[in-house]
Chemist: 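For reference, the structure I am asking about is given below.
Please read all numbers here as calculations on a predicted model, not as lab measurements.
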2 protein chains.
Amino acid sequence: MDDLDRRIVGCLLRNARATFAEIGEEVSLSAPAVKRRVDRLVASGTIRGFTVLIDPAVLGWQTEAYVEIYCKGTVSPGDLRRSLEAVPEVVGACTVSGSADALVHVLASDVRHLEQALERIRDEHNVDHTESVIVLSRLIDRSRT
Amino acid sequence: MDDLDRRIVGCLLRNARATFAEIGEEVSLSAPAVKRRVDRLVASGTIRGFTVLIDPAVLGWQTEAYVEIYCKGTVSPGDLRRSLEAVPEVVGACTVSGSADALVHVLASDVRHLEQALERIRDEHNVDHTESVIVLSRLIDRSRT
DNA sequence: GTTGAAAAGTGAACTCG
DNA sequence: CGAGTTCACTTTTCAAC
């Protein structure tokens with residue numbers, strides 16, 4: 001992972017469908033040289049995949065919340081992950097410092113749908129209670145590294 | 001945005017560099033038909049762009065926090081966005097329900113770097129105080145809608 | 001980095017409801 | 001007419017050098 005790799009990744013972050021020749025022009029490399037580096041970055045796991053950015057409003061999933069999960073007693077991160085993965089509305093989750101066991105990012109079509117997702121999360125055997133903040137407006141989204 | 005579009009978007013979410021022919025095979029369409037639909041989705045803004053998923057650990061930005069921002073008096077979302085956009089470590093931000101004015105997602109190389117970013121956020125003229133939780137481990141990341 | 005064969009992208013003309 | 005298809009033609013990929 002040298003500086004050239006970083007510049008190639010920078011191009012791909014902006015447009016993952018750029019041709020190798022286009023990237024090569026920007027970083028002063030031939031198309032095959034770029035391809036070899038990209039292949040290596042994919043093989044090594046540095047590049048985990050190529051994806052598309054969708055306007056969430058179009059999919060109709062406009063209601064967003066961050067939910068702090070408090071579990072009964074202690075719970076392993078692995079168990080927590082398995083519990084939360086079962087709920088498709090959960091788009092992100094992490095264990096955090098402080099008294100909460102996890103912070104969960106939930107995306108739903110509307111408030112009604114969000115409530116249903118929260119109920120499903122709460123119904124998991126090891127969840128004691130939850131504390132939610134609802135997103136009013138998204139100010140910044142630079143989530144793709 | 002019909003069911004065919006949704007299936008095409010599904011393919012692109014999994015692999016944004018899939019060829020139109022590959023996508024076409026999966027959704028039972030010819031390559032040019034897929035291309036026309038993808039072009040339309042891009043033109044209409046449904047597809048906001050193509051990007052690459054990078055292993056954050058490789059870039060060395062492994063320290064993550066969620067920070068609640070409390071401002072002095074009232075502040076417009078626009079001003080808040082401008083303040084936060086000036087801090088590159090801020091990867092996401094939204095206004096939220098409850099007493100905090102905003103919830104900010106911060107990514108930094110280490111705790112020291114995170115602290116510097118928090119200081120920069122606090123130094124913005126309209127920030128009263130902040131409340132942070134540090135991410136211990138990421139359980140789920142399905143952030144790319 | 002260069003070259004060349006194979007594959008994919010792309011626009012036009014055409015066909016079907 | 002909007003949406004899909006086939007077909008020619010250009011560009012890109014990708015493996016060998």
Side-chain angles (χ1 to χ4, degrees), chain A residues 1-62 88 91 107-110 113 141-145, chain B residues 1-61 141-145:
Chain A
M1 186 69 184
D2 59 5
D3 194 58
L4 228 39
D5 283 335
R6 262 184 289 274
R7 286 169 64 197
I8 290 171
V9 167
C11 293
L12 287 171
L13 283 168
R14 268 184 288 113
N15 177 18
R17 282 185 80 92
T19 66
F20 294 130
E22 278 165 5
I23 300 167
E25 195 165 348
E26 208 157 327
V27 303
S28 309
L29 234 56
S30 68
V34 173
K35 177 184 157 35
R36 278 196 288 260
R37 279 174 178 266
V38 171
D39 285 348
R40 192 172 46 71
L41 289 168
V42 171
S44 70
T46 303
I47 291 178
R48 293 193 307 192
F50 300 91
T51 194
V52 77
L53 300 174
I54 301 298
D55 183 350
V58 174
L59 289 177
W61 287 46
Q62 315 188 54
V91 294
L107 205 56
S109 55
D110 52 35
H113 182 189
D141 187 1
R142 298 194 276 232
S143 63
R144 351 285 148 181
T145 320
Chain B
M1 186 70 184
D2 59 6
D3 195 57
L4 228 40
D5 283 334
R6 263 183 289 275
R7 286 170 63 198
I8 290 171
V9 167
C11 293
L12 287 172
L13 282 168
R14 268 182 288 115
N15 176 19
R17 283 185 79 93
T19 66
F20 293 131
E22 278 166 5
I23 299 167
E25 194 165 347
E26 206 160 324
V27 303
S28 310
L29 235 56
S30 67
V34 173
K35 176 185 155 40
R36 280 223 298 245
R37 278 174 178 266
V38 171
D39 284 348
R40 192 169 47 70
L41 289 168
V42 171
S44 70
T46 302
I47 292 178
R48 292 194 306 193
F50 300 91
T51 194
V52 77
L53 300 174
I54 301 297
D55 182 350
V58 173
L59 289 177
W61 288 45
D141 187 3
R142 297 194 275 231
S143 66
R144 351 284 150 177
T145 318

Chemist: Test: side-chain hydrogen bond (donor to acceptor under 3.5 Å, both in side chains). Region: residues 19-29 of chain B. Which pairs qualify, not counting sequence neighbours?
Modeler: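 side-chain hydrogen bond (donor to acceptor under 3.5 Å, both in side chains) check on residues 19-29 of chain B returns Arg14(B)-Glu26(B).
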
Chemist: First and last nucleotide of DNA chain D touching chain B, 5' to 3', heavy-atom cut-off 4.0 Å?
Modeler: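 The footprint of chain B covers dA3(D) to dT13(D).
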
Chemist: Quick check against the 3.5 Å criterion: does Arg17(A) have a side-chain atom that pairs as donor or acceptor with the backbone of Ala16(B)?
Modeler: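 A pair under 3.5 Å: yes.
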
Chemist: Looking across every strand, which nucleic acid part, if any, lies under 4.0 Å from Arg37(B) by heavy atom: base, sugar-phosphate, or nothing?
Modeler: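 It contacts sugar-phosphate atoms only.
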
Chemist: For Ser28(B) and for Pro32(A), locate the closest nucleotide of DNA chain D by heavy-atom distance; then report the residue assigned to the nucleotide nearer the 5' terminus.
Modeler: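 Nearest nucleotide further toward 5': that of Ser28(B).
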
Chemist: So how far off straight is the helix from dG1(C)-dC17(D) to dG17(C)-dC1(D), going by the axes through five pairs at either end, to 10°?
Modeler: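 Terminal axis comparison yields 20°.
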
Chemist: As an exercise, state the distance from CZ of Arg36(B) to OG of Ser30(B), rounded to the nearest 0.5 Å.
Modeler: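 Arg36(B) atom CZ to Ser30(B) atom OG measures 8.0 Å (nearest 0.5 Å).
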
Chemist: Mind listing the closest non-hydrogen atom pair of Met1(B) and Asp5(B) along with its distance?
Modeler: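 Minimum heavy-atom contact is CA-OD2, 3.4 Å.
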
Chemist: Taking any atom closer than 4.0 angstrom to a non-hydrogen atom of chain B, what span of DNA chain C does the protein reach, first nucleotide to last?
Modeler: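 Contact span on the strand: dA8(C) to dG11(C).
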
Chemist: Heavy-atom nearest nucleotide on DNA chain C for Arg36(A) versus Arg17(A): which residue maps closer to 5'?
Modeler: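 Nearest nucleotide further toward 5': that of Arg36(A).
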
Chemist: If you measure from the Lys or Arg side-chain nitrogens to the Asp or Glu carboxylate oxygens, is any gap between Arg7(B) and Asp2(B) under 4.0 Å?
Modeler: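 Asp2(B) and Arg7(B): not salt-bridged.
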
Chemist: How far apart are the closest heavy atoms of Leu12(A) and Ile47(A), and which atoms are they?
Modeler: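 Residues Leu12(A) and Ile47(A), closest heavy atoms: CD1-CD1, 4.0 Å.
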
Chemist: Looking at every heavy atom in both Phe50(A) and Val38(A), which two are closest together, and how far apart are they?
Modeler: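 Looking at all heavy atoms of both residues, the shortest contact is CZ-CG1, 4.3 Å.
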
Chemist: Step by step, would you call Arg40(A) with Thr46(A) a side-chain contact (heavy atoms from CB on, under 4.5 Å)?
Modeler: CA-CA 9 Å; Arg40(A) 192 172 46 71; Thr46(A) 303; over 6 Å; no

Chemist: For the residue pair Arg48(A) and Gly45(A), what are the closest heavy atoms and their distance?
Modeler: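 Taking Arg48(A) first and Gly45(A) second, the nearest heavy atoms are CG-O, 3.6 Å.
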
Chemist: Who pairs with Ala43(A) by side-chain contact (heavy atoms from CB on, under 4.5 Å), at least two apart in sequence or on another chain?
Modeler: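 Per chain and number, Ala43(A) pairs via side-chain contact (heavy atoms from CB on, under 4.5 Å) with no residue.
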
Chemist: May I ask you to say what Ser30(B) touches in the nucleic acid, namely base, sugar-phosphate or nothing, with a heavy-atom cut-off under 4.0 Å?
Modeler: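 The answer is base, as Ser30(B) lies within the cut-off (heavy atoms under 4.0 Å) of a base atom.
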
Chemist: Please set out all donor-acceptor pairs under 3.5 angstrom arising from side-chain atoms of residues 52-59 of chain A, sequence neighbours excluded.
Modeler:
| residue | atom | partner | partner atom | Å |
| --- | --- | --- | --- | --- |
| Asp55(A) | OD1 | Ala57(A) | N | 3.1 |

Chemist: Mapping Ala31(B) and Leu29(A) onto DNA chain C by nearest heavy atom, which one lands closer to the 5' end?
Modeler: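 The residue closer to the strand's 5' end, by nearest nucleotide, is Leu29(A).
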
